[in-house]
Amino acid sequence: MTRVVLASASPARLRILRAAGVDPLVEVSDVDEDALIAQLGDTASPSDVVTTLAKAKADDVVGHPGISSIDDAIVIGCDSMLHHRGILSGKPHTPDVARAQWLSMRGSVADLLTGHCVLRIRGGSVVAEAVAFAGTTIRFGSPTDEQVDAYVATGEPLAVAGAFTLDGLGGWFIDGVDGDPSSVIGISLPLVRTLLDQLGVSVTDLWSVR
């Protein structure tokens, strides 16, 4: 049986996959995202940044002892960032950064980019890979200063790309999305299906409930 491995600590990505019938093994990568972004430099396009990060995470996980011993596996790596007014943003980490970002993006439009890398593993080695990104346009609402402060105080926006969620408290302040909602949450089901098809794997064969 082919084992699916999610190279991410994101509970949202895990939740999406489980709801869609795939129960993956979670293996968090050791990739230093900030160092890799710095290495790419200012000339890398936003799509190149997120796809490079997604591939780095998947590649790193393949070398972990618990994964390299799996004979037949699919490893999925993802990375999301928000492109707003020419600036690419990941997780804000601090309340001050999250608040400043929300004051800047409220009432505006931005693109949430999610890089995806799917690796096919046979006998502990990578035999095929497919990489792509999904872009979704986010139309932000206009929360008041008090609402922004209340949202930041929950801590939710500190640990998510772009300082917002679609499927959590942040959903109250999103007026709409143009594109795949699952990609905004963290992993695009249609894109992963397409990448699996490129590797000769049907997603229906990976469902845990059949």
Side-chain angles (χ1 to χ4, degrees), residues 6-10 12-13 16 28-63 74-94 97-98 100-120 126 128-140 157-167 170 174-199:
L6 176 62
S8 172
S10 167
R13 291 185 181 122
I16 288 174
V28 182
S29 79
D30 300 316
V31 171
D32 186 333
E33 298 180 35
D34 292 336
L36 184 52
I37 291 173
Q39 183 180 337
L40 289 173
D42 296 333
T43 59
S45 68
S47 60
D48 285 342
V49 172
V50 294
T51 51
T52 298
L53 286 169
K55 185 177 182 327
K57 292 176 181 180
D59 286 340
D60 177 74
V61 160
V62 171
I74 294 292
V75 176
I76 303 173
C78 298
D79 190 84
S80 299
M81 300 188 78
L82 186 75
H83 192 225
H84 179 246
R85 294 175 179 168
I87 298 174
L88 198 59
S89 303
K91 304 177 183 69
H93 296 301
T94 69
V97 173
Q101 185 158 342
W102 261 101
L103 294 181
S104 171
M105 66 191 185
R106 63 182 174 182
S108 68
V109 174
D111 293 317
L112 195 286
L113 306 178
T114 301
H116 296 67
C117 177
V118 179
L119 304 178
R120 184 69 195 269
V126 178
E129 70 174 44
V131 180
F133 78 97
T136 305
T137 299
I138 313 297
R139 288 178 276 116
F140 291 101
L158 275 60
V160 290
F164 76 96
T165 63
L166 183 63
D167 58 334
I174 306 300
D175 282 353
V177 300
D178 301 317
D180 173 23
S182 66
S183 176
V184 179
I185 299 172
I187 182 170
S188 171
L189 295 180
L191 181 54
V192 171
R193 185 200 69 235
T194 299
L195 297 180
L196 287 170
D197 287 343
Q198 292 177 18
L199 301 185

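All residue numbers in this chain count up from 1 along the given sequence.
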Does the side chain of [X] pick up a donor-acceptor pair with the side chain of [Y] at under 3.5 Å?
X      : Y      : result
Ser10  : Ser8   : no
Ser183 : Ser188 : no
His84  : Ser108 : yes

Below 4.5 Å, heavy atoms only, C-beta onward: do [X] and [Y] meet side chain to side chain?
X      : Y      : result
Leu88  : Leu82  : no
Asp111 : Thr136 : no
Val118 : Ile74  : yes

[atom1] of [X] to [atom2] of [Y]: how many Å apart, nearest 0.5 Å?
X      : Y      : atom1 : atom2 : value
Ile185 : Leu166 : CD1   : CG    : 5.0 Å
Leu113 : Ser80  : CG    : OG    : 8.5 Å
Cys78  : Leu6   : SG    : CG    : 6.5 Å
Ser89  : Phe164 : OG    : CZ    : 11.0 Å
Arg106 : Phe140 : CZ    : CZ    : 13.0 Å
Ile16  : Asp167 : CD1   : CG    : 6.5 Å

Sub-3.5 Å donor-acceptor pair from the side chain of [X] to the main-chain atoms of [Y], do we have one?
X      : Y      : result
Thr52  : Val49  : no
Gln101 : Gly162 : yes
Arg13  : Gly186 : yes
Ser104 : Ala100 : no
His116 : Thr114 : yes
Arg85  : Ala110 : no

Closest approach of [X] and [Y], non-hydrogen atoms and distance?
X      : Y      : result
Pro181 : Val177 : CG-CG2, 4.3 Å
Ala7   : Val61  : CB-CG2, 3.5 Å
Gly77  : Ala54  : O-CB, 3.6 Å

Would you list the atom pairs, donor with acceptor, under 3.5 Å between side chains in residues 30-39 and any protein atom, with sequence neighbours excluded?
unit_1	atom_1	unit_2	atom_2	d
Asp30	OD2	His64	NE2	3.3
Asp32	OD1	Asp34	N	3.3
Asp32	OD1	Ala35	N	3.1
Glu33	OE2	Lys57	NZ	3.3

Going by atom type alone, with no hydrogens or angles, which donor-acceptor pairs under 3.5 Å involve a side-chain atom of residues 191-199 and a protein atom two or more places apart or on another chain?
unit_1	atom_1	unit_2	atom_2	d
Thr194	OG1	Pro190	O	3.0

Carefully, step by step, assess Val109 and Ile138 under the rule side-chain contact (heavy atoms from CB on, under 4.5 Å). CA-CA 6 Å; Val109 174; Ile138 313 297; over 6 Å; no
Salt bridge (charged side-chain N to carboxylate O under 4.0 Å, His left out): which pairs involve residues 178-187, sequence neighbours left out? Arg139-Asp178
